[in-house]
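Single-structure report; data block below.
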2 protein chains.
Amino acid sequence: MTRAEAGRVRRPAALRREQILSVAADAFAVAGFRGTSLAEVAAKVGVSQPGLLHHFGSKEVLILAVLEQRDLADEEYVEARLEGVDATTRDWLMAFCRRNETQPGLVRLFTVQAAESLDPAHPAHDFFFERNQRVRNRIEQLVSRDQEKGIVPASLDQAGTAVELVALMNGLQLQWLRDPSVDMCGIFEAGLRRLEVR
Amino acid sequence: MTRAEAGRVRRPAALRREQILSVAADAFAVAGFRGTSLAEVAAKVGVSQPGLLHHFGSKEVLILAVLEQRDLADEEYVEARLEGVDATTRDWLMAFCRRNETQPGLVRLFTVQAAESLDPAHPAHDFFFERNQRVRNRIEQLVSRDQEKGIVPASLDQAGTAVELVALMNGLQLQWLRDPSVDMCGIFEAGLRRLEVR
DNA sequence: GTCTATAAAATGATAGAC
DNA sequence: GTCTATCATTTTATAGAC
């Protein structure tokens with residue numbers, strides 16, 4: 001690095017943090033946690049590597065901040081869109097799917113991190129275990145409510161259905177990321193129809 | 001490393017290669033390509049790191065050798081088991097699923113590498129793209145043959161079905177690796193039944 | 001076939017000035 | 001809030017002896 005880059009623009013901490021989270025999310029999505037260096041993220045943000053660590057104390061803190069922030073923002077978006085609309089299981093899941101279709105970067109972040117974090121030594125190992133349970137529970141509740149309404153067969157096993165739907169969605173995301181010609185939402189919707197989840 | 005480890009046992013190249021492939025497969029399965037160091041693999045094999053590179057010229061060569069060898073061995077196993085048995089789509093897929101249930105290490109290797117290799121810079125990027133197409137084509141053929149036999153609805157879209165089944169399988173593997181209490185084969189079989197793939 | 005030695009580069013993190 | 005300087009490690013790969 002040359003002298004030319006010294007004395008960079010000073011920004012409010014909150015703004016800088018947002019900026020770092022954004023760049024880091026893209027980097028972790030492409031190269032994973034281990035394949036991403038702090039220096040690379042710092043360079044793209046336009047600060048030095050110690051400058052980055054001033055805002056996030058360590059690489060572990062950074063990845064967790066990225067995942068939690070992105071997860072929260074996304075959930076809020078979908079919940080807001082369906083607020084008041086007594087949404088069915090299908091409404092809720094398809095809203096997520098369509099939203100995902102517009103955000104390959106986000107999908108990639110979670111797909112790559114979900115696999116990488118299978119390692120108990122990965123900083124987000126517990127995060128993904130809990131996240132998976134949370135999502136499954138949410139789907140079980142939705143299915144249960146739809147069964148009470150009589151729009152989904154009472155015979156359907158809630159827990160098994162939740163696992164199956166999450167699996168289908170995750171698997172479709174992986175194939176779609178590898179080959180964008182895959183009709184992620186179309187195939188997911190067909191799967192829902194076959195389950196008679198409407 | 002101390003002097004005590006010098007002058008290690010000399011082995012036939014073929015044997016040493018097998019040994020390295022085995023240890024490397026486990027390491028890449030746990031920590032991924034980028035999270036695994038050659039030194040770590042070498043140590044577990046019981047050779048020096050340059051000793052390892054004598055057999056596989058680089059880390060890239062090693063990961064590709066691991067994936068190709070494991071993929072081939074597994075496919076051969078299932079094909080051999082179903083040889084002569086005019087196997088249906090269901091037979092073939094369930095044979096793989098049950099086989100996988102006994103080999104979490106292998107499943108993990110491919111699950112982790114499949115995600116990590118989404119990065120075009122990953123050495124196995126093309127490998128996984130082609131592998132996915134190969135698997136999908138194989139399933140399309142099986143479904144097509146079952147449709148001719150009349151045991152699978154002619155209305156079923158072959159390409160879409162292949163994508164859906166691969167997605168379901170991959171997604172179930174991910175959840176099963178994270179939480180072994182997930183009934184991977186049971187849920188997959190239920191999915192097949194709903195597709196009327198028998 | 002295996003080793004020691006070493007190069008050459010990259011990485012995460014800390015200390016301290018401004 | 002940001003930087004320079006620097007440390008301590010780690011990592012892939014090569015050279016050359018046995």
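Under the 3.5 Å distance criterion, the side-chain polar atoms of A/Q175 are matched with a main-chain donor or acceptor of B/V163. A donor-acceptor pair is defined here as one N or O able to donate and one able to accept, closer than 3.5 Å; such a pair exists between the side chain of A/R145 and the backbone of A/A87. At least one donor-acceptor pair closer than 3.5 Å links the side chain of B/Q147 to the backbone N or O of B/P153.
Distance, B/Q49 CD to D/dT11 P: 10 Å, rounded to whole Å. In this structure, CD of A/E60 is placed 15 Å from C1' of C/dT11, rounded to the nearest angstrom. For B/L53 and C/dG1, the CG to C1' distance is 14 Å, given to the nearest whole Å. Distance CD (A/E40) to P (C/dT11): 8 Å, rounded to an integer number of Å. Rounded to whole angstrom, the span from the CZ atom of B/F56 across to the P atom of D/dT12 amounts to 15 Å. When rounded to the nearest whole Å, the span between CZ of B/R34 and P of D/dT12 equals 12 Å. Remark: P of C/dT2 and CG of B/L52 are 10 Å apart, rounded to the nearest angstrom. Spacing between atom CZ of B/R16 and atom C1' of C/dT2 amounts to 8 Å, rounded to whole angstrom units.
How far CD of A/Q19 is from NZ of A/K44: 13.5 Å, rounded to the nearest 0.5 Å. Taking CZ from B/F96 and CZ from B/F188, the interatomic distance works out to 11.0 Å, rounded to the nearest 0.5 Å. From B/M94, atom CE reaches atom OG1 of B/T89 across 13.0 Å, with rounding to the nearest 0.5 Å.
Note on A/L38: only backbone sugar-phosphate atoms sit closer than 4.0 angstrom, heavy atoms only; bases stay farther off.
From one end of the helix from C/dG1-D/dC18 to C/dC18-D/dG1 to the other, with five pairs defining each end axis, the axis direction shifts by 10° (rounded to 10°).
Phosphate proximity of C/dG1 to B/H54: present, with a side-chain N or O under 4.0 Å from OP1 or OP2. Applying the 4.0 Å criterion to OP1 and OP2 of C/dT11, one finds that A/S37 has a side-chain N or O inside that range. Residue B/H55 places at least one side-chain N or O under 4.0 Å from the OP1 or OP2 atom of C/dT2.
Ring-plane geometry between A/F28 and A/F33 is classed as tilted, the angle between the planes lying from 30 to 60 degrees on a 0 to 90 degree scale.
Closest to the A/A13 side chain, of the nucleotides D/dG1, C/dA5, C/dT2, is D/dG1.
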